[in-house]
Amino acid sequence: MTTTAATPTELTLGKALNAGLRRAVAEDDRVVLLGEDIGKLGGVFRVTDGLLDDFGPRRIVDTPLAESGIIGTAIGLAFRGFRPVCEIQFDGFIYPGFDQIVAQVAKLHYRTGGAVTMPITIRVPFGGGIGAVEHHSESPEAYFAHTAGLRVVSCSNPQDAYDLIRLAIASDDPVLFFEPKRRYWAKGPVDQALANPLPLESARVVREGTDVTLVTYGPLVMTALDAAIAASDDGVSIEVIDLRSLSPIDHATIEESVRKTGRLVVTHEAAQSGGLGAEITASVTERCFDFLEAAPARVTGFDVPYPAASLEDHFLPDLDRILDAVDRVLGRRNSLTGWSAAK
Amino acid sequence: MLRPSASSDIRNDIRSTELLVQLLNPDGDRVPDPEFDHWVADVTGEQLRSLYEDMLVVRRIDTEATALQRQGELGLWPPLLGQEAAQIGSARALRADDFVFSSYRENAVAYCRGVQMGQLLAVWRGTALSGWNPFDVGMATPAVIIGAQTLHATGYALGCLQDGVDSVAVAYFGDGATSEGDVSEAMVFAASFQAPVVFFCQNNQWAISEPVALQAHRSIADRAPGFGIPSLRVDGNDVLAVMAATRIALDRARSGGGPTFIEAVTYRMGPHTTSDDPTRYRDPAELERWAAKDPISRLRAYLEHEGLLTEEFEASVKAKTDDVARELRAACLALDPPHALSVFDNVYTSAHSVLERQKSQYAAYLAMFEEVAE
Ligand SMILES: Cc1ncc(C[n+]2csc(CCOP(=O)(O)OP(=O)(O)O)c2C)c(N)n1
Ligand SMILES: [Mg+2]
């Protein structure tokens with residue numbers, strides 16, 4: 001028997017994004033990349049490495065240093081029928097472009113009665129854990145998930161990075177694409193000839209389990225898997241769900257899991273109040289209240305600005321904090337046993 | 001051509017030109033300039049020596065901090081190598097009651113404001129988000145969000161105007177920053193309200209990998225007059241020219257003349273930061289051309305011509321830079337991580353119920369590990 005499917009190659013997440021971008025630019029001449037230092041330098045994380053050489057400065061555009069400028073001109077290009085892919089150099093630098101994203105990109109399709117589409121992809125390296133200086137470790141996804149008109153996704157592994165970036169670019173809706181920067185160097189198999197990649201909107205059960213549903217996305221998927229392995233040594237079976245899509249959230253997949261396990265833990269790096277964990281736990285409570293054996297738990301960054309690097313280990317959810325929450329939903333002894341708000 | 005007078009009804013009197021104001025050429029010869037000379041006529045030989053010492057000290061800070069980063073003691077360092085004259089010449093023109101709003105590369109400015117070695121390194125070692133108290137030294141801690149601080153400087157200057165004091169706010173920013181909307185907005189506000197602010201742009205030719213030509217089609221100094229702000233374009237590697245230009249701008253601001261824009265033309269001789277690899281995007285020949293215009297060697301040559309570069313003086317400068325290097329290293333190693341629960345400090349000025357709860361729960365969480373250890 002002969003097979004035409006390419007054998008998967010081992011790539012880092014960053015290189016998988018590079019391959020996905022390369023293919024998108026090669027396949028559609030309306031795709032243009034815009035960003036700071038994405039040309040000769042190949043981006044500060046080298047995600048666009050080599051693209052300028054192969055596709056030239058009209059497709060791979062080093063822009064002036066202005067995020068509002070990048071997003072605003074992408075809107076004009078989209079009006080003209082292009083599919084811009086914007087790179088925001090770091091999470092904390094998206095705010096000068098925030099107005100153009102939430103007030104313009106998100107609303108143009110709606111307010112033109114569907115006449116105008118904004119097939120813009122906005123790539124954002126996000127999250128902490130790299131010991132960076134301020135504004136380089138943030139998780140601003142909730143602002144965008146809260147904004148109607150935007151799709152929001154995040155990848156956690158090389159295969160999804162490759163698939164999701166192509167699906168995002170192919171989407172006629174604007175997509176905020178959050179890349180887990182501390183996982184850029186994580187390796188995994190990538191099949192570049194996958195016929196039917198999981199759709200943009202779908203979550204993925206990355207590890208099956210029966211006792212607790214653990215929902216996360218982006219950089220913490222790896223941490224969650226480590227926690228699940230540790231828990232299994234302890235006889236606890238954790239089902240790990242990688243959301244992939246943060247807007248819309250694939251509630252059906254979460255719901256199915258919680259109906260099975262009866263217990264939910266959500267973890268993300270972003271601050272707790274008004275975060276995605278709040279949305280997920282509220283939805284689960286609404287949708288499968290009768291199946292819940294315990295109150296859902298959230299393990300998140302605190303409601304503080306991202307701290308100095310030497311404190312980030314206290315801010316970031318890690319394996320121990322996740323397992324502590326798992327103990328809580330299982331009714332085992334945990335850090336809040338005996339804790340009361342009055343103390 | 002250039003009129004350094006400071007009467008308030010003169011708007012765009014200081015015209016930018018493609019010509020650089022230069023008082024010391026790269027060989028260290030004093031170039032007479034009838035319009036600028038008197039602004040530095042009072043600079044004595046002793047002061048020249050002191051400027052030279054400052055420049056060597058900050059270059060040493062740079063070298064030492066880069067080494068500390070390589071040794072894993074700092075997470076990152078943004079070298080200012082090549083920009084010593086632009087920073088020292090301007091910062092030494094300021095008064096203690098002036099206020100600086102800078103970007104991350106202005107470590108020489110911070111040094112001049114009296115920032116201590118440990119304070120200079122804290123954010124790069126990751127032990128704090130701010131190295132010093134801005135009010136102690138008249139300098140806000142660096143803005144990493146490019147261009148944001150130009151508006152802060154403008155607002156501070158408006159406050160000075162309202163309070164009837166003649167203090168001046170100075171915004172330091174780069175060539176890349178001039179593309180950000182904030183910088184244009186700052187110029188609009190400053191011009192509208194005639195704010196006593198100095199926009200000090202160090203055009204070091206690069207914004208990470210992007211050459212200045214991508215940010216500005218004409219000289220950067222040319223942009224300000226369109227906003228109604230007079231501008232000056234100076235040789236940023238000439239400490240005297242920079243000082244003269246800064247004094248002109250400060251004098252205009254103090255006497256009701258409003259904002260001035262200075263483009264100091266210089267060169268980032270090092271990488272963008274210790275994480276950067278400029279060989280990916282920049283021609284080494286360019287570095288060589290600029291090395292020939294080094295700000296320190298030209299002042300050194302001038303001192304030599306003037307007979308000010310005695311052996312004794314050189315020895316004292318060497319001793320000083322060695323001291324600073326030692327002090328810097330010791331201060332760096334003495335910077336310890338803050339205690340865990342300080343992560344919750346200073347988010348608000350008074351108690352915040354949700355955060356209090358998170359803090360209390362995290363304290364309980366940490367206590368669990370102590371119990372285990374016991
Ligand atoms: C709003 C924002 N966008 C992007 C960045 C990333 N960034 C950091 S420094 C830099 C280049 C700045 O160049 P320039 O203003 O010329 O200052 P220089 O580094 O040369 O001193 C960029 C793009 C940032 N810090 N803030
Ligand atoms: Mg620059």
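Each chain gets a letter, A, B and so on, in the order its sequence line appears, and its residues count up from 1.
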If you count heavy-atom pairs within less than 4.5 Å of chain A, which of [options] leads?
options: Arg280(B), Gln215(B), Arg125(B); value: Arg280(B)
options: Ala128(B), Gly126(B), Ala363(B); value: Gly126(B)
options: Ala367(B), Pro337(B), Ala340(B); value: Ala340(B)
options: Ile208(B), Asp277(B), Asn346(B); value: Ile208(B)

Taking side-chain hydrogen bond (donor to acceptor under 3.5 Å, both in side chains) as the cut-off, I'd like each qualifying pair that reaches into residues 34-43 of chain A, sequence neighbours left out, listed once.
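Those involving residues 34-43 of chain A are Asp37(A)-Gln89(A), Asp37(A)-Ser209(B).
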Measure distances from [X] to the heavy atoms of chain A and classify the residue's part below 4.5 Å as side chain, backbone, both or neither.
X: Ala364(B); value: both
X: His272(B); value: neither
X: Ala216(B); value: neither
X: Leu214(B); value: both
X: Val354(B); value: side chain
X: Tyr104(B); value: neither
X: Leu366(B); value: side chain

Go through it in stages, so that I can follow the logic: the residues are Val133(A) and Trp124(B), the test is side-chain contact (heavy atoms from CB on, under 4.5 Å), and I'd like the CA-CA distance, side-chain angles, deciding distance and then a yes or no.
CA-CA 7 Å; Val133(A) 296; Trp124(B) 309 107; 3.7 Å; yes
Using heavy-atom distances under 4.5 Å, tell me whether [X] contacts chain B through its side chain, its backbone, both, or neither.
X: Pro307(A); answer: both
X: Tyr306(A); answer: backbone
X: His135(A); answer: side chain
X: Leu336(A); answer: side chain

Could you tell me if the side chain of [Y] sits less than 4.5 Å from the side chain of [X], heavy atoms only?
X: Asp320(A); Y: Phe369(B); value: yes
X: Gln358(B); Y: Asp303(A); value: yes
X: Asp182(B); Y: Pro96(A); value: no

For chain B, which candidate among Asp313(A), Thr63(A), Val44(A) shows the most heavy-atom pairs at distances under 4.5 Å?
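When all of Asp313(A), Thr63(A), Val44(A) are compared, Thr63(A) has the most.
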Select, from Arg333(A), Arg321(A), Glu67(A), His136(A), the one with the greatest count of heavy-atom pairs under 4.5 Å involving chain B.
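Maximum pair count with chain B is reached by Arg321(A).
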Is atom [atom1] of [X] surrounded by more than 12 heavy atoms (other residues, nucleotides or ligands) closer than 6.0 Å?
X: His146(A); atom1: NE2; value: no
X: Lys359(B); atom1: NZ; value: yes
X: Tyr365(B); atom1: OH; value: yes

Parallel, tilted or perpendicular: ring planes of Phe344(B) versus Phe302(A), cut at 30 and 60 degrees
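Geometry flag for Phe302(A) against Phe344(B): tilted rings.
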Smallest separation among heavy atoms of Arg357(B) and Ala341(A), with atom names:
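Closest approach of Arg357(B) to Ala341(A), heavy atoms only: NH1-CB, 3.9 Å.
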Where Pro142(B) and Glu134(A) come nearest, the two heavy atoms and their spacing:
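In this case the closest contact between Pro142(B) and Glu134(A) is O-OE2, 4.2 Å.
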Working for side-chain contact (heavy atoms from CB on, under 4.5 Å), residues Leu41(A) and Asp276(B)
CA-CA 9 Å; Leu41(A) 187 65; Asp276(B) 179 40; 4.2 Å; yes
Gap between atom OG of Ser310(A) and atom NE2 of His339(B) - 0.5 Å precision:
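Between atom NE2 of His339(B) and atom OG of Ser310(A) there are 11.5 Å.
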Counting only non-hydrogen atoms closer than 4.5 Å, can you tell me which residues of residues 49-62 of chain A sit against chain B?
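Listed by number, the contacting residues are Asp49(A), Asp62(A).
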